[in-house]
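Values below: all heavy atoms of this structure, side chains included; hydrogens, waters and symmetry mates excluded. A, B, ... follow the sequence lines: proteins, then strands. Residue 1 opens every chain. All values derive from a computational prediction rather than experimental measurement.
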Amino acid sequence: MELLKDILLQLSMAYAPSGREHTATEIIEKFLLKYTKDIKKDALGNIIAVIPSKKTNAKKIMLDAHYDEISLMVTNIDDDGFVKFTSPFGVDIRSLLAKEVIIHGVQEVFGIVSSKPPHLLSDEEMQKAYKVEDLAIDIGFNNEKANKLINIGDSITFKARTTNLKNDIICGKSVDNRAGVTAIIGCLELLKNINLEVELIVLFSVQEEAGTKGAKVGAYTVNPDTAIVVDVSHAFTPDASKDETGEMGKGVMIGISPILKREISAELTQLAKENEIPFQTEVMSDNTGTNAASIQIARSGIPTGLISIPLKYMHSPCETVMLSDIECVSRLLAEFVKGIREGETI
Amino acid sequence: MIKSVLHRLCSLSGVSGCEDEVGEYIVSELKGVAEVKIDNLGNIIAFKKGKQRSLRKVLFSAHMDEVGLIITKINDDGYLRFSTIGGIDTRVLISARVKVGKNKVNGIIGIKAVHLLSKEEKTTVPKLSSLYIDIGAKNKDDALKYINEGDIAEFDSDFVEFGDNYIKSKAIDDRFGCLALIELCKKELLYDTYFAFTVSEEIGLRGAFACAYEIKPEIVVVVEATTAVDLADIKGENKVCSLNCGAVIPFMDKQTIYDKKLFKFATELANEKQIKWQTKTKIAGGNDAGAFQRSLAGIRVLSVCVPCRYLHTPSCVINFYDCEHTEKLLFELIQKLGGESNV
Amino acid sequence: MFNTLEKLINIPSPSGFEENIAEFIKMEISPFVDKVYIDILGNVIARKTGMGAKIMLTAHMDEIGLISTFADEQGFIRFSTLGCPDLKSFVSNKVSFLNGVNGILGYEKKCELKDFSFEKCFIDIGVCNKEEALALVPIGTAAVINSSIIMQNNKIISKGLDDKIGVFILIEVIKKIAGSPNDLSFVFTVQEELGLRGAKTASFEIEADYAINVDVTSTRDISTDNKMAVNLGKGVAIKIKDKGIICHKKMTTTLIETAKSGEIPYQLEVLEQGSTDIGTVHISKSGVICGGISIPARYIHSQNEMVDTDDVNNAIKLLIFLLEKGIIFLS
């Protein structure tokens, strides 16, 4: 678990806003090199790593996790050097006020998100949730200097900072979905000395937060026989309903949904039971809102499964996971990959 | 201004009612430099001998405490309910990081994920009572291993230098004031001067009332960080005061109409010494001067402040330029107030 | 008789800027008291020494006003308030700054009156740019509404009757009282409208046993849903309670008994909104036994307030009667 913690901490500190993920590819490739030299990047920035099988015509299994993170985008620099922005990629606006951000311009520019303070607001205005238009980023430069460092369209992410809570819980930015990336690397570690019956392809995809775009393209390129998507899902917090959330510390959330292959969900459940890997079931009635939605209908269609890591405070700068849950995912993925034999239809 | 001392002061724990850590540091800094005593409430009162006796009793004051939170209840599921100490805008608490209790346990202020909100919930600000602190505890018993009900939680926020000489940190209000006083106290002063580092300003100027009674000064200069609203989309007088425009000498705020003679003296002195200064363009805020002025049979008060954005959040922002001018003005004042007949 | 009142009204004294009226009051009462001085915050304190228990009588010298905080690019002065004026009544009326400059209180054209807020107001002194404005009215200059006193039908109509009517009453008491067994301190306080500030420090210094203040109170007779029992012209109001104090039972009983035995018409006052100087006096040091005498007034804090001269005369009578008899009992 120490290895997983170390990987997650390093990944969480890296910046990869949707559409501008290049700054994080180096560190991810560094981790992958331990397991294979066959690492490519495609046109969109998806990282595709292949761990070959000794068998010829082996079945292709793809494990996918998106490595982009939620972000904002610069729309204007005002006369006093304050930066206005838009939020197209899922950031929880409520969590922005007074927080530290990085504007990825010509260089990384530090800023604080600011808005009208309470004494300038009426009681009524104080009750209403503020909008993106009410916010601006204070970077401490005047308009002229700001324009030299930043351009309209530059990405903005939360500033990286991880915190350790009790019970091996990690809190940081972009744990959605560096936790998924970590889990897959953990799986590779468990498989490293095993001769695989299948060709294992790892897709670390881009632009999931912008509409699962990387996965669509990646799945087309890889064209696997089976795909498992690893992402995060909501863990219970006191103000949420138990009906809508999983539980942190209770292990892998195995997805069941109309778009996921039933046999894969069942196989994952069976493997978890046999190997005493803690798990819970996550039933969704829709397309899951993950890369699985795009992968399933790539090319002629790809049988897809989904497993998720329970995570609290999604899309805030304080996303929180328990390391033991990530470990469970790594173990289950490894069992799944090991278990696929020649001739099996899944 | 020595940035490293400000950094140190800001990083100490000092939520109203629990200012000990800050107090201990200040006492250690003043050792050998002034006569120091600590009163019943925890106020630090220092007396610095000058070259000559003073015509009048002059006190320079700053408060040690910062706003923060207090744990009111530990739920069965291990989450902590809390209340605010001092005025904090609920909106900045969402997703904030905190340190809880004597052991400074890491925590975050959590809220239901945005995807799970109903339409109405999306348009309103959550109430303070619906927020909670998550320290990662499994349940109440687990939480009790690390913290207790009644523990204080402070903002967990780094000291960052950014932009063109800007500084961001928690507690700049009023550790800047404390720093300014420490630096003044270490200088060679012309006149005997008193210094007070007060407690509990944020919860009703409480320490200052006791200090006034104890010291019985004739003039008090309160050194503070005051709210600057020179932000995006804010125009004209709504800015109140601005960064990069020098020390703030207010003529009035919500608590006090400052002594007119002292105000005139300070502004004329600033002009004479070419110290950049500004006044507040809106009547807003208040500080220990409100307590001092209305204590005993009345005390004459002046305030000299550094303009500060985002007061009472984890991310107070000031500019080094303003700090320099504020400190310069304070030094000029301290060398005059004890002896000037025209004050 | 009301000449003195007119003089008081004509000396502007917005909260925090009471120096001029303080000097006037000091000169007016000096011949009638043993000692008079102005304290650190600007309160005027006058003593008539006596052997008995100490009584402090207060009325506040300050009136509501405005203070300039900014001049915008078009030369309009932006301001904040001193106290809580009924600003709606000031719109389009004359405003006078303490340095002699006059202006009109304007309201931004495109803003609806139903969303009235003082931030949409400005003072127009008739210049076209920021520099000219600041040259005439530097930041921090105080102002009052400009209005002259009118007297008709036993009524006085004027700005600032809160609380110059109280000041006037105390001045008349000082001039007319024959003597008292008590030790009397008459305090003309500052900054009452900003939170009873002058009274707080004055009471600390004086350490009175009893205190009575003279201020205005609202009336019921102009609106049907006002819960107050007080009406204009129906007698001096004896305060039971306001927002800042529940008056000491024995004090209110004494005042009522005194009114009855002097055949002075009186009413009882329970004021839901609004505090007066005794709100802070009664909790000074170890506490002070307090009561209040109030003059019923309409349109308080507006450009023109109204009181009845009978009520004023009855208040003077009641106070003289009470003080000449003396207060000796209370414990």
Side-chain angles (χ1 to χ4, degrees), chain B residues 56-57 204-205 209 212-213 216-220 229-230 234-242 248-264 266-268 271 277-286 289-303 343, chain C residues 14-19 37-43 45 62 65-74 76-83 98 108 117-122 130 134 138-142 187 189-191 193-207 280 284-285:
Chain B
R56 54 186 71 87
K57 228 183 196 182
L205 321 177
F209 281 111
Y213 198 87
K216 298 183 175 40
E218 290 162 69
I219 289 180
V220 180
V229 196
D230 54 335
I234 308 285
K235 301 268 176 284
E237 74 274 18
N238 285 326
K239 293 188 185 197
V240 186
C241 61
S242 302
V248 181
I249 310 173
F251 60 89
M252 179 178 168
D253 59 39
K254 281 208 163 7
Q255 291 290 335
T256 317
I257 297 184
Y258 292 94
D259 185 282
K260 294 186 194 67
K261 254 183 150 178
L262 287 176
F263 176 79
K264 187 158 181 270
T267 54
E268 285 175 355
N271 288 334
W277 69 276
Q278 53 183 320
T279 194
K280 283 160 76 154
T281 57
K282 239 182 143 74
I283 309 300
F292 282 116
Q293 188 185 54
R294 283 172 270 176
S295 287
L296 306 171
I299 297 175
R300 300 175 63 207
V301 292
L302 174 71
S303 187
V343 143
Chain C
S15 294
F17 297 84
E18 303 93 341
E19 297 86 354
Y37 64 98
I38 297 177
D39 78 4
I40 292 195
L41 287 198
N43 296 312
I45 300 178
D62 60 312
L66 311 173
I67 187 161
S68 70
T69 54
F70 190 76
D72 67 23
E73 296 307 321
Q74 297 153 274
F76 295 130
I77 311 274
R78 300 283 168 172
F79 60 88
S80 187
T81 55
L82 297 165
L98 291 188
E108 284 174 20
S117 84
F118 89 81
E119 289 171 358
K120 299 182 188 129
C121 295
F122 53 87
K130 189 180 187 135
L134 287 175
I139 291 182
T141 310
V187 185
T189 59
V190 296
Q191 297 188 40
E193 299 288 1
L194 295 180
L196 325 176
R197 294 178 184 177
K200 183 173 190 293
T201 56
S203 57
F204 186 97
E205 162 110 355
I206 292 168
E207 292 183 320
T280 185
S284 179
K285 288 197 176 167

Item to check | Engaged part of C:Glu207 at the chain B interface, taking heavy atoms whose separation is under 4.5 Å | outcome: neither
Checklist entry - At what distance, to the nearest 0.5 angstrom, does NZ of B:Lys254 lie from OG of C:Ser80? => result 6.0 Å
Checklist entry - Heavy atoms, side chains only, cut-off 4.5 Å: are B:Gln293 and C:Leu41 in contact? => result yes
Next on the checklist: Need one label for C:Ser203: side chain, backbone, both or neither, based on atoms under 4.5 Å from any heavy atom in chain B.
Outcome noted: neither
Checklist entry - Does the B:Arg294 side chain pair with the main chain of C:Leu196, one donor and one acceptor, at a distance under 3.5 Å? => result no
Item to check | Under 4.5 Å from any heavy atom of chain C - which part of B:Tyr258 | outcome: neither
Item to check | Atom group of C:Leu194 that falls short of 4.5 Å from chain B, counting heavy atoms | outcome: side chain
Item to check | Under-4.0 Å salt bridge between C:Glu73 and B:Lys235 | outcome: no
Checklist outcome for this item: Between C:Thr81 and B:Met252, the two heavy atoms sitting closest are O-CE, 4.1 Å
Item to check | C:Leu82 side chain near B:Ile257 side chain, heavy-atom distance below 4.5 Å | outcome: yes
Checklist entry - Does NZ in B:Lys216 sit with more than 12 non-hydrogen atoms of other residues, nucleotides or ligands closer than 6.0 Å? => result yes
Checklist entry - Heavy-atom distance under 4.5 Å to chain B: side chain of C:Phe17, backbone, both or neither? => result both
Item to check | Segment of B:Thr279 engaging chain C (4.5 angstrom heavy-atom cut-off) | outcome: side chain
Checklist outcome for this item: Answer key: most heavy-atom pairs under 4.5 Å with chain B among C:Arg78, C:Glu205, C:Glu119, C:Arg197 is C:Arg197
Checklist entry - So what's closer than 4.5 Å to chain B heavy atoms on C:Ser284: side chain, backbone, both or neither? => result neither
Next on the checklist: Return the CD to CD1 distance between B:Glu218 and C:Ile40, rounded to the nearest 0.5 Å.
Outcome noted: 7.5 Å
Item to check | Segment of C:Thr280 engaging chain B (4.5 angstrom heavy-atom cut-off) | outcome: neither
Item to check | Backbone of C:Gly16 reached by a side-chain donor or acceptor of B:Lys260 within 3.5 Å | outcome: yes
